[in-house]
Amino acid sequence: MAYLCRVFTFRPSLLLAVGCAALLAACNSGPTEQQQVEAAEKAVLASHDTLMAQMGQLYDLRQQLQKAPLPDTVLAGRQRRNLLRADAAMMGWMHQYRKPADTVATEAKLRYFAVQQQKIDSVGRLMRQNLDSAKLVLQQAPHAAANPSAQ
């Protein structure tokens with residue numbers, strides 16, 4: 001029992017060390033650099049995955065524009081080309097994307113992912129704009145009013 005009393009006696013230096021350690025831990029409670037990089041990469045890849053889920057719509061709408069009896073065939077052709085451009089933008093982004101090597105500095109990785117996020121967001125805007133435009137063009141087809149579920 002005397003031994004336990006000696007171990008747990010008040011020691012100001014021990015208390016100071018524990019207090020400093022707790023304070024330091026509280027100050028460093030934000031995400032680490034590695035966590036920041038991982039979060040930035042996850043955000044870019046999540047945007048990519050969301051857009052990839054819409055790629056089938058690009059194809060389907062192109063096919064519908066090809067087959068639909070539209071009053072303005074020039075507009076339909078232009079819209080098909082716009083859908084192809086959106087598809088090509090996605091493919092282009094995927095071909096240029098390269099995850100930075102582990103040896104690359106954290107700041108450079110964060111800059112890379114920020115630029116990639118801007119690029120994939122731009123692809124997303126292009127895709128959404130052209131998907132919406134294609135749907136509007138298809139609504140001009142004579143059968144669109146009779147069969148709205150075809151879109």
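FYI, the numbering just counts along the sequence from 1. If you're wondering where the values come from, they're calculated on a predicted model, not measured in any experiment.
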Exercise. Looking only at non-hydrogen atoms, find the nearest pair between P31 and Q35 and report the distance.
Key: CA-OE1, 3.1 Å
Quiz item: Rounded to the nearest 0.5 Å, how far does CG of L51 lie from CZ of R125?
Solution: 10.5 Å
Self-check item: Nearest non-hydrogen partners of N130 and L83, listed with the distance
Solution: O-CD2, 3.6 Å
Exercise. Say whether, by atom type as modelled, one donor and one acceptor occur between the side chain of T50 and the main chain of A46 under 3.5 angstrom.
Key: yes
Quiz item: Taking side chain as C-beta onward, heavy atoms only, is M90 less than 4.5 Å from I120?
Solution: yes
Self-check item: Closest non-hydrogen atom pair, F113 against Y97
Solution: CE2-OH, 3.3 Å
Self-check item: Test log, rule side-chain contact (heavy atoms from CB on, under 4.5 Å), inputs V137 and L65
Solution: CA-CA 8 Å; V137 169; L65 286 166; 3.7 Å; yes
Practice problem: Could you tell me the separation between the CE atom of M91 and the CG atom of L84, rounded to the nearest 0.5 Å? | Solution: 11.5 Å
Quiz item: Nearest heavy-atom pair of W93 and K119: which atoms, and what distance?
Solution: CD1-CB, 3.7 Å
Quiz item: Once you round to the nearest 0.5 Å, how far does CD of Q79 lie from CZ of R81?
Solution: 10.0 Å
Self-check item: Inter- and intrachain pairs under salt bridge (charged side-chain N to carboxylate O under 4.0 Å, His left out), touching residues 87-99, at least two apart
Solution: E41-K99
Exercise. Say whether L131 and L126 are linked into one hydrophobic cluster, either directly or through other cluster members, by side-chain heavy-atom distances under 4.5 angstrom.
Key: no
Quiz item: Under a 4.5 Å cut-off applied to non-hydrogen side-chain atoms, are E107 and R111 in contact?
Solution: yes
Self-check item: Residue pair K109 / Q36, side-chain heavy-atom distance below 4.5 Å
Solution: no
Practice problem: Go through the side-chain N and O atoms of D121 and Q117 and say whether any donor and acceptor fall under 3.5 Å apart. | Solution: yes
Quiz item: Looking at CG of L75 and CZ of R80, how far apart are the two atoms once the value is rounded to the nearest 0.5 Å?
Solution: 10.5 Å
Self-check item: Atom pair CD (Q66) and CG (L61), whose distance is rounded to the nearest 0.5 Å
Solution: 13.0 Å
Quiz item: Under 6.0 Å from the OH atom of Y59, do we count more than 12 heavy atoms belonging to anything else shown?
Solution: no
Self-check item: Spatial distance of atom OG1 (T73) from atom CZ (R78) [nearest 0.5 Å]
Solution: 10.5 Å
Practice problem: Identify whether M55 and V44 are in the same connected component of the hydrophobic contact network (ILVMFWY, side-chain heavy atoms under 4.5 Å). | Solution: yes
Quiz item: Does a side-chain heavy-atom distance below 4.5 Å link L136 with Q139?
Solution: yes
